Amino acid sequence: MHSEHRAGIPLTLAAIGGLLFLHIPLMLIILYAFTTEEKSFQFPPPGYTTRWLSVAWYERPDIWQPLYLSFKVALIATAIALVFGTLAAAGLSRAKFFGKESISLLFILPIALPGIITGIALRSAFDIMGLPFSTWTIVLGHATFCIVVVYNNAVARFRRISGSMVEASMDLGADGFQTFRHVILPQIGSALLAGGMLAFALSFDEVIVTTFTAGTGVASKTLPIWMLDELIRPRQRPVTNVVAIFVMAVTFIPIVCAYYLTKDGEHTGGAGK
Amino acid sequence: MTAAVARPGSDFFFRRPGLLTLIFLLPPLLWIGIVYLGSLFALLLQSFYSLDEFSGLVLHEFTLSTYGHLLEYSNFAILLRTVLMAAAVTIASAILAFPIAYYAARYARGWSKALFYLAVMMPLWSSYLVKVYAWKLILAKEGIVTWVANQLYLGWLLDAVLALPTVGGPSLSISYIGTFIVFVYIWLPYMILPTQAALERVPKTLIEASADLGATPGQTFRTVILPLALPGIVAGSIFTFSLTLGDYIIPQIIGNSRPFIGSTVYALQGTAGDIPLAAAFTVVPIVIMGIYLVVARRMGAFDAL
């Protein structure tokens, strides 16, 4: 019986090894932000410096516009996703009707199919409609998969709201609006917040769909596209690392928040991104 | 029912849940239906057109010749290469993910549970490009892998691996092995989370019952735990397989620059302007994932999501 609560050594080693495999690369990103070598990825770095932080801040104005655009797109896409994702979850969690299975399949399709399909499909649709590329074409693409993230988070929570509580509320004289505000919203609020934050992180980081739905000009460069350019045509490699650390921080904070918002109960916040 | 008088109609919907469901579902359905399915449909339509080889213009006439081009040797090699890579990546992820998921689900408690969860979520939600970039650092010829191999006097082993036909190359960052490692690294969390979720749902009582009935731990694992975890693994494989099929950034940055489906589609729709062939290439992953999803649903993978 006691052995049930303690893992064997091979299992522990495999688990820890797996986690190290996941994390060592991220640590190296941080290390390389402080290397003095800017032309190659020499290991160990020949020397250490903090000058890239100030270079990124003062001498690289090309970073600011993509940063602003990424924040803007992520905020709008998340807002759209919160509305549509919640509606979808509310509709599907309560009802039983013919075709429900197919509709729930439809809602996970944008993340189940590779991003490149979403990308090229949207792009050819924009071409056919003669829609010029703009911030809004980027938002359109991002919102489509962000809806799925919010839906996934919300639907799990909706399933746990028991119908009898809603009925009790109505029996006790509350009307539909009161029931929503006092019974349903408090129960789904944290799941929505978590879903919204995950959607934000996902949009902030998206590159594949964006390469198809953004134009080619400087004004339509999101931060990930900027980074992709730096990967293909590198200059001042450590500056890319500095930006990478910043991006990691921006996405890390919402994840930790989302975790604490959804940790009560069995559901894990971002499962099935 | 006094409230109903105060705000007439507010419980109208409570009495008619079907109507409420319709009102809830309509906006998101329209969004996904028009923006996503509409675009997808427009794309599929174009795969039945063809490109005039002389003028370079798209002929808007129904033809299957574009699909015929997929079977040409060079194009078929691209499809085969991508599917094999996706399968290899999926199997490797499942093997690597299981111990982590199992440990997290069965043995981690309290703070170590939170730590495990965040340790998986962190890389999952870290910037995709940052992660690819990290491997460019690691796999570069002057990078850390070469350094560690030399420190351990294993430089000869690394050279031997790189000398392998097909999968090797001048350095890890310019070989199939490199592409494979990066794919596994990037999609691994997608496999861990559903596997862990499925393992969490295995009731303790079932495992105890199995032990009480005389099964060895190995038998319990094979006949009780593994079958119950399978839907989770299948759910994870949806992501690892699909994401590998469609990715075009990773092979472009780390690999021997042989084309995968994604990079081919990107090149065809961009510089080559051959939208019909690009669309036909896109249909392949859609068909594969369509079959995959149907099978996965049969195996209960959607409940494990």
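Quick caveat: nothing in here was measured; it's all calculated off a predicted structure. In what follows, chains are A, B, ... by sequence order, proteins preceding strands, each numbered from 1.
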Please name the pair of heavy atoms, one in [X] and one in [Y], separated by the smallest distance, quoted to 0.1 Å.
X: A/H23; Y: B/A119; result: NE2-O, 2.7 Å
X: A/I208; Y: B/D247; result: CD1-OD2, 3.7 Å
X: B/L129; Y: A/P224; result: CD1-O, 2.8 Å
X: A/L22; Y: B/Y185; result: O-OH, 2.7 Å
X: B/S39; Y: A/A125; result: OG-CB, 3.5 Å
X: B/Y103; Y: A/A15; result: CB-CB, 3.7 Å

For B/L30, all residues meeting side chain to side chain contact (heavy atoms under 4.5 Å, CB included), sequence neighbours excluded: B/L26, B/I34

Within 6.0 Å of CD1 in A/I9, more than 12 heavy atoms from elsewhere: no

Polar side chain donor-acceptor pair, B/Y266 to A/T211, under 3.5 angstrom: no

Interface moiety of [X] toward chain B, non-hydrogen atoms closer than 4.5 Å:
X: A/R237; value: both
X: A/I128; value: side chain
X: A/L223; value: neither
X: A/F107; value: side chain
X: A/P10; value: neither
X: A/D127; value: neither

Pairing residues for B/F281 by the ring-ring contact (aromatic ring centres under 6.0 Å, His included) criterion, not counting sequence neighbours: none

Close side-chain approach of B/I144 and A/I24, heavy atoms under 4.5 Å: no

